[in-house]
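Structure first, commentary second.
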Amino acid sequence: MDLIARLRAGLPGEAILTDPDVTGSYANDMASFCEAGTPAVVVLPRTVEQVQHVMRTATELRVPVVPQGARTGLSGAANASDGCIVLSLVKMDRIIEINPVDRIAVVEPGVVNAVLSRAVNEHGLYYPPDPSSWEQCSIGGNIGTASGGLCCVKYGVTAEYVLGLDVVLADGRLLSCGRRTAKGVAGYDLTRLFVGSEGSLGIVVRAVLALRPEPPQQLVLAAEFPSTAAACEAVCEVMARGHAPSLLELMDRTSVRAVNAMAQMGLPDTTEALLLAAFDTPDPAADLAAVGALCTAAGATQVVPAETAAESDLLLQARRLTLTALERVKSATMIDDVCVPRSRLAEMLDGTAAIADKYDLTIGVVAHAGDGNTHPTVCFDADDPDESRRARESFDAIMALGLRLGGTITGEHGVGVLKKEWLARELGPVGLELQRGIKDVFDPLGILNPGKLF
């Protein structure tokens with residue numbers, strides 16, 4: 001019996017896609033420079049049992065399986081390999097439970113981040129992780145790549161909110177790990193191991209997520225600086241003085257000018273860096289005043305605090321428009337994701353500007369400055385082979401810079417295909433050997449998302 005016939009024995013017909021024109025549309029995520037193969041079939045299960053059937057079939061026939069969520073990733077982690085089963089989990093999209101007493105939500109992997117966030121808000125609760133693609137990205141994908149977002153400076157990343165998981169293993173067995181309780185230290189923390197594993201250890205089919213009480217409405221401050229160094233000095237002062245902003249974002253000159261060109265936002269051409277800070281505390285105006293004073297002392301040329309939620313949204317508009325604006329600069333972009341210690345943030349931005357000059361490219365940088373998580377965006381002409389080559393070389397140079405500054409090659413986008421050579425450099429030989437050993441325990445046949453991470 002061939003692969004498709006075996007799958008049909010345990011799946012409804014509408015769950016199996018074989019038309020090459022359709023399956024080809026599932027071949028890749030949103031990353032540039034990442035090879036993608038041709039899947040043999042796309043499967044869209046709706047139940048745990050259906051996922052188990054897929055994995056048992058894949059194990060029996062030794063067929064690779066590539067798990068996918070909404071395919072908004074930026075590392076190629078969801079890219080198909082030749083002859084694989086693409087296992088798309090978007091149809092498993094139920095919010096099973098929201099429990100205000102235990103402050104948890106139990107969800108399937110296809111639930112969209114924004115849908116969950118709005119659902120828990122109705123109970124006076126808050127799910128903090130908010131990737132920029134939150135209106136499209138799925139919780140399963142967020143777990144697979146350990147996603148972050150704008151609020152991480154105060155509330156942390158996805159890994160800190162995953163309490164428990166149900167995972168279908170490579171051979172089809174169902175593993176339940178973690179807990180529903182506020183505390184729990186029984187055995188090894190397998191739950192945390194799956195977070196960020198990019199579908200290489202198992203298929204997440206259910207998640208228990210921690211929730212927080214919904215915070216007050218945040219207010220935002222915007223500060224313009226004559227240099228990135230001055231803006232980064234302000235970031236360091238804000239954190240050193242013990243402030244807890246709910247958002248602390250930085251845009252460099254290239255990003256500011258790209259947004260101005262697209263949206264005519266009226267930011268001065270002399271702005272070399274724009275810092276956005278927000279507080280969702282009981283008295284955000286007082287916190288903004290204190291941070292505004294620190295910005296002025298660091299050399300800010302203008303500090304504008306919002307007084308209302310509407311004004312706050314207006315100030316944040318420039319940050320939200322950044323990627324769209326940079327995509328208009330050239331026909332293609334590569335978005336890097338290098339995280340460095342906050343104290344080295346200025347060196348990271350200045351070094352990236354030097355790399356842009358060296359390779360004669362436009363590279364705009366936005367950063368979750370409170371985390372030291374930078375997103376240099378390389379703009380290039382995809383139809384120009386030389387410019388494409390320089391774009392890829394500059395991308396690698398930015399990662400090398402981050403490692404020299406004591407950082408990491410990815411803060412929230414993951415490794416996938418794009419950065420697997422760099423992962424080996426960051427981990428070192430001992431770390432790489434141990435991680436490969438863990439992969440072998442969970443996936444001895446190597447059928448789960450092959451070619452990713454290692």
Side-chain angles (χ1 to χ4, degrees), residues 128-132 146-160 196 218 220-256 271-281 287-288 290-300 303 316 319 322 335-355 363-377 398-413 426:
D130 62 340
S132 296
S147 297
L150 302 185
C151 73
C152 294
V153 61
K154 180 174 182 178
Y155 292 105
V157 296
T158 296
E160 295 168 67
Q218 69 178 6
V220 177
L221 169 149
E224 298 172 16
F225 289 88
S227 68
T228 52
C232 292
E233 179 184 345
V235 170
C236 291
E237 284 297 307
V238 168
M239 302 309 292
R241 298 294 182 91
H243 293 287
S246 55
L247 174 151
L248 194 58
E249 298 286 305
L250 187 149
M251 298 169 59
D252 74 346
R253 171 185 61 189
T254 300
S255 300
V256 169
T271 299
E272 293 292 312
L274 180 68
L275 186 65
L276 298 162
F279 285 88
D280 58 5
T281 52
D287 290 308
L288 289 185
V291 167
L294 294 176
C295 289
T296 299
V303 177
L316 285 176
R319 173 65 181 86
T322 301
I335 306 174
D336 216 324
D337 170 39
V338 175
C339 192
V340 297
R342 284 186 287 261
S343 57
R344 311 298 295 272
L345 187 58
E347 295 170 80
M348 184 68 201
L349 268 68
D350 290 343
T352 300
I355 290 169
I363 303 178
V365 182
V366 292
H368 306 313
D371 304 324
N373 192 176
T374 67
H375 293 308
T377 302
I398 291 167
M399 284 190 285
L401 171 64
L403 289 180
R404 287 198 302 274
L405 295 175
T408 175
I409 59 169
T410 176
E412 57 188 4
H413 291 172
E426 180 171 333

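Keep in mind that what you see is a predicted model, and the values were worked out from it rather than measured.
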Inset, instruction - Under the side chain to side chain contact (heavy atoms under 4.5 Å, CB included) rule, what do Ile409 and Leu403 come out as? Steps first, then yes or no, please. - result: CA-CA 7 Å; Ile409 59 169; Leu403 289 180; 4.0 Å; yes
Inset, instruction - Determine, step by step, whether Glu347 and Val340 satisfy the side chain to side chain contact (heavy atoms under 4.5 Å, CB included) criterion, reporting the C-alpha distance in whole Å, the side-chain angles of both residues, the deciding distance to 0.1 Å, and the verdict. - result: CA-CA 10 Å; Glu347 295 170 80; Val340 297; over 6 Å; no
Inset, instruction - Could you give me the CA-CA distance, side-chain angles and deciding distance for Leu405 and Val338, then say whether side chain to side chain contact (heavy atoms under 4.5 Å, CB included) is met? - result: CA-CA 10 Å; Leu405 295 175; Val338 175; over 6 Å; no
Legend entry - CA sep, side-chain torsions, deciding dist, call: Phe279, His243, side chain to side chain contact (heavy atoms under 4.5 Å, CB included): CA-CA 9 Å; Phe279 285 88; His243 293 287; 4.1 Å; yes
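We find the CG-OG1 distance between Asp252 and Thr271 to be 11.5 Å, quoted to the nearest 0.5 Å. Atom CG of Asn373 and atom CD of Glu412 lie 4.5 Å apart (nearest 0.5 Å). Rounding to the nearest 0.5 angstrom, the gap separating the SG atom in Cys151 from the NE2 atom in His368 is 9.5 Å. Going from atom CD of Glu233 over to atom SG of Cys295 covers 10.5 Å, rounded to the nearest 0.5 Å. Going from atom CG of Leu401 over to atom CZ of Arg344 covers 9.5 Å, rounded to the nearest 0.5 Å. Note that CD of Gln218 and OG1 of Thr281 are 10.0 Å apart. Values are rounded to the nearest 0.5 Å.
Between Met239 and Leu248 there is a side-chain heavy-atom pair separated by less than 4.5 Å.
Side-chain atoms of Arg342 do not come within 3.5 Å of backbone N or O of Ala369 as any donor-acceptor pair. Using modelled atom types, no side-chain atom of Thr228 and backbone atom of Ala273 make a donor-acceptor pair closer than 3.5 Å. Counting only distance, with no hydrogens or angles, the side chain of Asp130 and the backbone of Leu150 share a donor-acceptor pair below 3.5 Å.
Here the closest non-hydrogen pair linking Val157 and Cys152 is CG1-SG, 3.6 Å. Heavy-atom minimum distance, Asp337 versus Gly411: OD2-N, 3.0 Å. Heavy-atom minimum distance, Cys232 versus Leu345: SG-CG, 3.7 Å. The minimum heavy-atom distance between Val303 and Ala223, with the atom names listed, is CG2-CB, 4.2 Å. Here the closest non-hydrogen pair linking Thr410 and His413 is OG1-N, 3.3 Å. Heavy atoms only, all atoms of each residue included: Ser255 and Val366 are closest at OG-CG1, 3.8 Å.
Side chains of Thr374 and Asp336: a donor-acceptor N/O pair is absent below 3.5 angstrom, by distance only.
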